[in-house]
Amino acid sequence: MTKRLPPIIEIGCAGLVLAIAGVIYLASHIPGHPTLGPAIGLLAAAAAVVAGNVLVLGRLPDFAWWMFWKVWAWTMLAYAIIAGMLMYIFIYDQIPTGQLTLLVMTLAVFAVDIPLMLAFSVARFQPPRRPEPSSS
Amino acid sequence: MSEATVSSAPPGVALGERPRPPASIVPLMGLPVVGIVLVFLIVSIAGNWLWALDFYHVVGGGMWTALDLFVGFVIGPGILARLSIPARAEFMTRFMPAMALIMPTLVTMTLGSGFQLARHLGYLNASYPQHAWVVASFFLVGVMAVVAIGIIEPANLAVIFELRKPEPNGELIGRLMRRFVYTSGITGLMQVGTLIIMTKIASS
């Protein structure tokens, strides 16, 4: 049986590209004080794309949510460790408040986008209902 | 719209008699090693240990590049493509979980130490003569991050979970493995571009 699914991974990648572009813009000016407008615009666009992706995913009928949440939880744990390290570096480097705020918000967008993409990539190939454990 | 094949699909390629998948998704014995690597990275950053940061960046970057190129150009077309179907299944059952642990660790240690090195050595300053090359390396890393998160890791995870099913879909696994192997090769080539930039900066 083959079923069509919305392009969650592709939309997630678009959100990633926008967020990463903002990070590159900020990182290329550290330790200076660049105009924050372009970074704010890119981050807002990334957040809008990711929010749209969440809405599209949430409307999927007959989706393997049991597997989605299982993968999401573990991916989120791994992401939290990596994001924690990044936060530590940003704060340790005494990045100016405006840029630090934007970088933390970018990490928050990643926190929604990345686990969602990885969990979807597994759950899309699983049956909608959790299989019964075999008795053998 | 993207296409998904659910588990009830008839497998296009029979996996034959396959090995029992490991009890855990990633090899648990590797977790303490990952923990030690990350803790030592944090200590190196906190202590401003330039030697340790250099070590992390050079060793991590070298291993990341070598692994990508090895998977993309040796393991994929040279070995995996010539194995029997059951041998392929057995190889993937052990190889993919290990990659799910090794690659994010290498990426974290390379990028975390690299950013700190660039900051300490003044490469991030816009007044640095080679600053344009540093920003170019940011772009390359950005593209590689999107490829890794959007293509390589989803394929890796999907294969791991598909192999754990009672009746894995061989056709789906083959398709995802090709995607994994080829994009690893492309990332490896982009890594070579990064190495060219890094050696140019280091020798300027």
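So that the names make sense, note that chain A is the first sequence line, chain B the second, and so on, each numbered from 1. Values below: every heavy atom of this structure, side chains too, minus hydrogens, waters and symmetry copies.
- Scanning both residues, Pro127(A) and Ala64(A), for their nearest heavy atoms gives O-CB, 3.3 Å.
- Annotation: side chain of Gln99(A) is in contact with side chain of Pro34(A) (closest heavy-atom distance under 4.5 Å).
- Contact residues of residues 65-77 of chain A toward chain B are Met67(A), Val71(A) (heavy-atom distance under 4.5 Å).
- Contacts between Phe139(B) and chain A at a heavy-atom distance below 4.5 Å involve backbone atoms as well as side-chain atoms.
- For the atom pair Leu117(B) CG and Thr110(B) OG1, the distance stands at 11.0 Å (nearest 0.5 Å).
- For Ala46(B), the parts lying near chain A are the backbone and the side chain together; criterion is any non-hydrogen pair under 4.5 Å.
- Heavy atoms closer than 4.5 Å to chain A are found in both the backbone and the side chain of Val146(B).
- Residue contact with chain A, scored on non-hydrogen atoms closer than 4.5 Å, is absent for Ile151(B).
- By the 6.0 Å contact criterion, CE on Met198(B) is enclosed, its count of non-hydrogen atoms from other residues, nucleotides or ligands being greater than 12.
- The contact between Glu153(B) and chain A is made by backbone and side chain atoms together, counting heavy-atom distances below 4.5 Å.
- Residues of residues 13-23 of chain A lying under 4.5 angstrom from chain B, judged on non-hydrogen atoms, are Cys13(A), Leu16(A), Val17(A), Ile20(A) by number.
- Residue-level contacts of residues 176-195 of chain B with chain A, in order of numbering, are Leu176(B); threshold 4.5 Å between heavy atoms.
- Along residues 82-92 of chain A, the residues that come nearer than 4.5 angstrom to chain B, judged on non-hydrogen atoms, are Ile82(A), Met85(A), Tyr88(A), Ile89(A), Tyr92(A) in order of number.
- Checked by atom type and distance alone, the side chain of His131(B) pairs as donor or acceptor with a backbone atom of Ser28(A) at under 3.5 Å.
- The backbone N or O of Val112(A) sits nowhere less than 3.5 Å from a side-chain atom of Tyr79(A) that would complete a donor-acceptor pair.
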